[in-house]
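Below is one structure, written out as structure tokens; the observations come after it.
As the structure is a prediction and not an experimental result, all values here were calculated from the model. Protein chains get the first letters and strands the later ones, always in sequence-line order, with residue 1 at the start of each.
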2 protein chains.
Amino acid sequence: MNKLGEKIEALKVIAHPARIAILEELSQGVKCVSDFQDFLEIRQSNVSQHLSALRHAGLIDYFIDGRLRCYFLKSPFILDLLEIVKKDYPCELPGPDCCPVTKKGTYPGDRRR
Amino acid sequence: MNKLGEKIEALKVIAHPARIAILEELSQGVKCVSDFQDFLEIRQSNVSQHLSALRHAGLIDYFIDGRLRCYFLKSPFILDLLEIVKKDYPCELPGPDCCPVTKKGTYPGDRRR
DNA sequence: TTCATGTATTCAAATATTAGAATATATTAA
DNA sequence: TTAATATATTCTAATATTTGAATACATGAA
């Protein structure tokens, strides 16, 4: 999970409400598929599809206990990501010097205007 | 940038190599469209499209200097995100107790196995 | 005004993602 | 064995994303 391409794949797969919810649930501990169905309002096949996508991206894995497939977090990247997803941010960064109405300002580079 | 939906939109728009590259460039300071073309190997129209997507997600904004459109970072969320995208992570989290070969383990919940 | 440059928009084609339905597989219990 | 439960897979339709080509628009220079 240290090559840029892998991280981009991870971001792509994470950028979905059901999958964020699954990952947050998993950050609390091991869960089986039926556990996810209890709080996600989607079909079982769809839960499986999301789990499969997360697994193929290397973000989660599972073990088996009887009939239950027990999923757990595998990627440390996810923990940091979930943290900033939950974190509160100020609305905007302090911007560069420019007029918010006319949108005029000064280009700092050496290119011809 | 504090509602979950907005963050998910942001993740979706960020999960693309060209857009990550644009954002990393912008984390260094203000750049105009031609600056991006110098290091991205994509067409001008495509650069504009990516910038437009980033802007609509509220991640960047621009000011104008003559003929140049000068873009800058607007969302503090991006800075944290770029940081974890660049950060190195250990391969895997310490997993729960289970056999890596048979994939057997014990479900911690109270559901019937 | 005209020309050149910087940038955005529109359109279309290729490709990818998403979700439901139906079905398949695996395991436990009876 | 059979039945029931837990989960995965396959297929399909709808929708979204991505890109290039062409074109439009805006500004500064001549």
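- Residue A:F63 contributes atom CZ, which lies 15 Å from atom P of C:dT27 at whole-angstrom precision.
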Identify all side-chain donor-acceptor contacts of residues 85-92 of chain A below 3.5 Å with residues at least two apart in sequence or on another chain.
from: A:K87; atom 1: NZ; to: B:D80; atom 2: OD2; distance (Å): 2.6
from: A:Y89; atom 1: OH; to: B:D80; atom 2: OD2; distance (Å): 2.5

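- B:F72 and B:V13 fall into different hydrophobic clusters, defined by Ile, Leu, Val, Met, Phe, Trp and Tyr side-chain heavy atoms under 4.5 Å apart, directly or through other members.
- The stretch residues 66-73 of chain B touches DNA chain C through B:R67, B:L68, B:R69, B:Y71, each having a heavy atom within less than 4.0 Å of the strand.
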Could you pull out all donor-acceptor pairs under 3.5 Å where a side-chain atom in residues 95-110 of chain A meets a protein atom, sequence neighbours excluded?
from: A:T102; atom 1: OG1; to: A:K104; atom 2: N; distance (Å): 3.3
from: A:K103; atom 1: NZ; to: B:D61; atom 2: OD1; distance (Å): 3.0
from: A:Y107; atom 1: OH; to: B:D35; atom 2: OD1; distance (Å): 3.0
from: A:Y107; atom 1: OH; to: B:D35; atom 2: OD2; distance (Å): 2.7

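- Clustering ILVMFWY residues whenever any of their side-chain heavy atoms sit less than 4.5 angstrom apart, transitively, puts A:I8 in the very cluster that holds A:I14.
- Heavy-atom distances to DNA chain D give each of B:D65 and B:E9 a nearest nucleotide, and the one nearer the 5′ end belongs to B:E9.
- Atom NZ of A:K103 and atom P of D:dT27 are 14 Å apart (whole Å).
- Applying the salt bridge (Lys or Arg N to Asp or Glu O under 4.0 Å) definition to pairs two or more places apart or across chains, those involving residues 10-31 of chain B are B:E9-B:K12, B:E25-B:K31.
- The CD1 atom of A:I64 sits 11 Å away from the P atom of D:dT7 (whole-angstrom rounding).
- Evaluation of the side chain to side chain contact (heavy atoms under 4.5 Å, CB included) rule for A:E83 yields no partner, not counting sequence neighbours.
- A heavy-atom distance below 4.0 Å to DNA chain C is reached by these residues of residues 33-58 of chain B, ordered by number: B:V33, B:S34, B:Q44, B:S45, B:S48, B:Q49.
- Listed by chain and residue number, A:H56 satisfy the side-chain hydrogen bond (donor to acceptor under 3.5 Å, both in side chains) test with A:S52 (two or more places apart in sequence, or in another chain).
- Here the P atom of nucleotide C:dT7 and the NZ atom of B:K31 are 13 Å apart, to the nearest Å.
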For nucleotides 1-3 of chain D, which of its nitrogen or oxygen atoms have a protein nitrogen or oxygen under 3.5 Å away, and what is each distance?
none

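- Applying the ring-ring contact (aromatic ring centres under 6.0 Å, His included) definition to pairs two or more places apart or across chains, those involving residues 30-50 of chain A are A:H16-A:H50.
- The nearest pair of heavy atoms linking A:V30 to A:C70 is CG1-CB, 3.6 Å.
- Here D:dA8 presents its C1' atom at 14 Å from CD1 of A:I22, a figure rounded to the nearest Å.
- Residues passing the side chain to side chain contact (heavy atoms under 4.5 Å, CB included) test with A:R112 are B:R67, sequence neighbours excluded.
- Looking at residues two or more places apart in sequence or on another chain, you find a ring pair (Phe, Tyr, Trp, His ring centres under 6.0 Å) between B:Y62 and B:Y71.
- The side chain to side chain contact (heavy atoms under 4.5 Å, CB included) test with B:L54 is passed by exactly one of B:L26, B:L73, B:L23: B:L23.
- Residues B:L11 and A:L59 share a hydrophobic cluster, clusters being chains of Ile/Leu/Val/Met/Phe/Trp/Tyr side chains in contact below 4.5 Å.
- Across residues 104-113 of chain A, not one residue has a non-hydrogen atom less than 4.0 Å from an atom of DNA chain C.
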